[in-house]
Amino acid sequence: MKRIAPLFVALGAISYGIPGSLFKMAHGDRVTDSLLLCATFLIAFLVFSLGRCLLNPSNRRVPDHKLKWLVVISGSSMGFTNTFYLLSLAYVQVAIAAVMMMQSVWLSIAISCLVHRKGPTVTQVISVITILLGTILATGLFPLSQSISWKGMGLSFLSALAYALTIQFTGNVGANLHPLTKAQLMSGGALIVILVIWLPTILPVHHLATGLAWGGITSFFAMLLPLTCFSFFMPQLPLGIGPIISSLELPASVVFAFILLGETVTFTQIIGVILIVLAVVVTNLLPLRLKRQYQKMNL
């Protein structure tokens with residue numbers, strides 16, 4: 001299982017890069033945001049609930065109610081993340097929204113430093129600077145050749161912030177639960193947030209069949225496939241490797257936006273994307289190598 005784990009984690013990361021394009025395509029079919037998101041997360045919750053029901057009782061069990069609600073809360077961030085991300089797509093291209101989402105990397109570092117009252121390491125500082133430089137290039141802020149929607153960038157930044165907060169505070173919650181049980185609880189938390197935010201605006205419902213069809217497709221790529229891949233195979237990876245492979249989400253978003261939507265991707269944007277992915281690799285890989293060298297020296 002460990003041999004194929006990188007492949008499936010990569011598949012999950014690439015899957016995360018597809019929904020942005022699907023959201024815009026659904027808009028083209030006159031599907032409202034409220035119907036699309038409610039359908040997406042409801043379908044995911046129902047599928048994971050069915051999968052959990054098929055498990056034996058020991059795998060379905062959660063040790064205590066506190067852990068159960070912590071996992072549900074950790075999943076709620078997906079509701080906020082997708083809400084802000086979907087709203088941002090009304091103002092910016094999918095590629096730009098995806099780039100702004102990757103700000104969660106340095107936001108996680110900043111939050112960790114504040115919580116633990118420690119300054120960032122040299123590696124982290126270099127990583128943050130590289131990510132910001134890559135963001136400037138990938139979003140077209142330099143050279144500024146087109147108008148930029150600051151509202152759209154702000155919404156996608158809030159999406160990254162919601163994701164970073166969850167990574168920092170609930171990343172290891174429920175590690176001992178069966179992957180399907182954890183996925184079902186997390187999708188339930190996301191569904192609660194989505195229904196609270198979007199259900200009041202869902203009526204009157206138009207194009208219900210089309211909305212459910214798009215909801216099924218986006219549910220597969222935004223929730224079912226990535227959550228399944230990450231839940232089953234992320235624990236099989238060495239520490240620090242998961243975030244590196246997960247950074248494939250960014251280039252995948254750019255590639256699928258180009259293929260499915262025909263969005264223009266400039267050479268400068270490609271350089272920016274490469275810089276951001278490189279920063280993720282350095283942040284996670286360099287500390288591992290230094291730790292191994294230190295352990296060898298002390299043997």
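Model, not experiment: these values are computed from the prediction. Hydrogens, waters and symmetry mates are skipped; everything else that's a heavy atom, side chains included, is used.
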Could you go through Val92 and Met100, starting from their C-alpha distance and side-chain angles, then the distance that decides it, and tell me whether this counts as side-chain contact (heavy atoms from CB on, under 4.5 Å)? CA-CA 10 Å; Val92 296; Met100 294 304 296; over 6 Å; no

Check Ser127 against Ala279 and note the closest heavy-atom contact, atom names and distance. OG-O, 3.3 Å

Looking at Gln236 and Phe233, would you say the former's side chain and the latter's main chain have a donor-acceptor pair under 3.5 Å? no

Assess whether side-chain contact (heavy atoms from CB on, under 4.5 Å) is satisfied between Arg60 and Leu180, documenting all intermediate values. CA-CA 8 Å; Arg60 291 200 302 265; Leu180 277 179; over 6 Å; no

When every non-hydrogen atom of Ile111 is compared with those of Leu165, the smallest separation belongs to CD1-CD2, 3.6 Å

Heavy-atom pair of closest approach, residues Tyr16 and Ala222: CE2-O, 3.2 Å

Looking at every heavy atom in both Pro226 and Phe220, which two are closest together, and how far apart are they? CD-O, 3.7 Å

For Phe80, does the CZ atom sit with more than 12 other heavy atoms under 6.0 Å from it, leaving out its own atoms? no

Under 3.5 Å: donor-acceptor pair, side chain of Thr40, backbone of Leu36: yes

Keeping the roles fixed (side chain from Thr83, backbone from Ile194), state whether a donor-acceptor pair exists under 3.5 Å. no

Would you say Lys24's side chain and Leu89's backbone share a donor-acceptor pair under 3.5 angstrom? yes

Return the minimal non-hydrogen interatomic distance between Ser34 and Ile202, and the atom names on each side. OG-CA, 3.5 Å

The test is side-chain contact (heavy atoms from CB on, under 4.5 Å); show your working for Met78 and Met186 and say whether it passes. CA-CA 8 Å; Met78 292 187 291; Met186 291 183 69; 4.0 Å; yes

Checking one residue: Val122. Which other hydrophobic residues are in its cluster under the side-chain 4.5 Å linking rule? Ile126

Under a 4.5 Å side-chain heavy-atom rule over Ile, Leu, Val, Met, Phe, Trp and Tyr, are Ile4 and Phe230 clustered together? yes

What is the minimum heavy-atom distance between Leu191 and Cys38, and which atoms define it? CD1-O, 4.4 Å

Single-linkage hydrophobic cluster Leu37~Leu203, side-chain heavy atoms < 4.5 angstrom: yes

Besides Ile129, the hydrophobic cluster formed by Ile, Leu, Val, Met, Phe, Trp and Tyr side chains linked at under 4.5 Å, directly or via other members, contains Val125

Applying side-chain contact (heavy atoms from CB on, under 4.5 Å) to Phe256 and Val94, what does each step give before you reach the verdict? CA-CA 9 Å; Phe256 282 107; Val94 171; over 6 Å; no

